[in-house]
Amino acid sequence: MANGITHFEIIGQNSSKLREFYGKLFDWKIKVEKMGGGEYGMADTGGMPNGGITDPMPGGGSMVTIYVGVDDLEGTLKKAESMGGKTVVPPTEIPGVVTFAQFKDPSGNVIGLTKNM
């Protein structure tokens, strides 16, 4: 059995705006905690994995690597765009494997979406 994802981090400038964006887009509950001299938003996704949203370390940049399962790829992309996101890859099917899409959030992180089966 492969190891599943147990945590993710979304790191970008103006993390308070990112926490608001993801909280509204996916209905995540985000609790802000003080960590290492900064703020770290612990995201309760309602399942696994849970993760964090924070500002980059000094000299660092925006980065993230996650995929989120959704029932409606196009609807989620439209909602993301209405909140300042931008579609990078429209819904795309890899026959027999997955249907996915990607968008950029307001800080330029690329997020993947997979269609729930």
Side-chain angles (χ1 to χ4, degrees):
M1 181 175 178
N3 292 317
I5 297 170
T6 59
H7 188 76
F8 63 82
E9 285 189 320
I10 300 170
I11 300 172
Q13 300 298 326
N14 195 352
S15 62
S16 62
K17 183 175 180 179
L18 288 177
R19 289 189 291 268
E20 181 180 348
F21 178 85
Y22 285 104
K24 286 182 180 177
L25 181 63
F26 296 124
D27 295 323
W28 290 349
K29 307 296 181 247
I30 301 173
K31 180 181 176 186
V32 178
E33 300 178 1
K34 297 287 184 188
M35 283 191 175
E39 292 183 344
Y40 194 86
M42 294 298 295
D44 177 357
T45 65
M48 290 301 290
N50 292 316
I53 302 172
T54 191
D55 288 311
M57 299 295 284
S62 296
M63 62 182 172
V64 69
T65 305
I66 63 168
Y67 277 82
V68 177
V70 299
D71 291 329
D72 180 2
L73 293 174
E74 289 187 23
T76 303
L77 290 171
K78 286 178 184 176
K79 185 174 179 181
E81 289 179 352
S82 75
M83 297 169 59
K86 181 177 175 72
T87 298
V88 175
V89 177
T92 303
E93 181 180 0
I94 300 174
V97 180
V98 68
T99 301
F100 74 99
Q102 293 181 338
F103 67 91
K104 284 187 180 181
D105 70 18
S107 278
N109 296 305
V110 175
I111 305 299
L113 301 171
T114 58
K115 184 170 177 62
N116 289 333
M117 298 293 190

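Hydrogens, waters and symmetry mates play no part in the numbers below; they use all other heavy atoms, side chains included. Numbering starts at 1 and runs along the sequence shown.
Residues passing the side-chain hydrogen bond (donor to acceptor under 3.5 Å, both in side chains) test with K24 are E20, sequence neighbours excluded. Remark: D72 engages E74 in a side chain to side chain contact (heavy atoms under 4.5 Å, CB included) (not counting sequence neighbours). Residues satisfying the salt bridge (charged side-chain N to carboxylate O under 4.0 Å, His left out) criterion with K29, sequence neighbours excluded, are absent altogether. Here P56 pairs with I11, Q13 under the side chain to side chain contact (heavy atoms under 4.5 Å, CB included) rule; sequence neighbours left out. Shown here are the side chain to side chain contact (heavy atoms under 4.5 Å, CB included) partners of N14, two or more places apart in sequence or in another chain: S16, K17. Scored by the salt bridge (charged side-chain N to carboxylate O under 4.0 Å, His left out) test, K31 finds no partners at all (sequence neighbours excluded). Among residues two or more places apart in sequence or in another chain, the side-chain hydrogen bond (donor to acceptor under 3.5 Å, both in side chains) test is passed with D27 by none. Residues that satisfy the side chain to side chain contact (heavy atoms under 4.5 Å, CB included) test with T76, not counting sequence neighbours, are L25, F26, V70, L113. Take N109 and apply the side-chain hydrogen bond (donor to acceptor under 3.5 Å, both in side chains) test, not counting sequence neighbours, and it matches D105.
When all heavy atoms are compared, the tightest approach of F8 to A43 is CZ-CB, 4.3 Å. Across all non-hydrogen atoms, the minimal contact from S107 to S62 is O-OG, 3.6 Å. Taking each heavy atom of P106 and L18 in turn, the nearest pair found is CD-CD2, 4.3 Å. Heavy-atom minimum distance, Y67 versus Q102: OH-NE2, 2.9 Å. The shortest heavy-atom contact between F103 and A80 is CD1-CB, 4.1 Å.
Residue pairs meeting the side chain to side chain donor-acceptor pair (under 3.5 Å) criterion with at least one member in residues 45-57, sequence neighbours excluded, are S15-D55, T45-N50. For residues 33-44, the pairs satisfying side chain to side chain donor-acceptor pair (under 3.5 Å) are H7-Y40, E9-Y40, R19-E39, K34-E39, with sequence neighbours left out. Note on residues 84-97: pairs passing side chain to side chain donor-acceptor pair (under 3.5 Å), not counting sequence neighbours, are E81-T87.
Distance alone, capped at 3.5 Å, places no donor-acceptor pair between the K115 side chain and the G69 backbone.
One distance of note links OG1 of T99 with CG of N116; it measures 11.0 Å at 0.5 Å rounding.
Hydrophobic clustering of Ile, Leu, Val, Met, Phe, Trp and Tyr side chains at less than 4.5 Å, counting indirect connections, unites V88 with F100. Residue V32 is not grouped with residue I10 when hydrophobic side chains (ILVMFWY) are merged at heavy-atom distances under 4.5 angstrom, including chains of intermediate members. The same ILVMFWY cluster, assembled from side-chain heavy atoms under 4.5 Å apart, contains both I94 and V89.
Using bins of under 30°, 30° to 60° and over 60° for the plane-to-plane angle, the ring pair Y22/W28 lands in the parallel bin.
Side-chain atoms of I66 and I111, non-hydrogen and from C-beta on, do get closer than 4.5 Å to each other.
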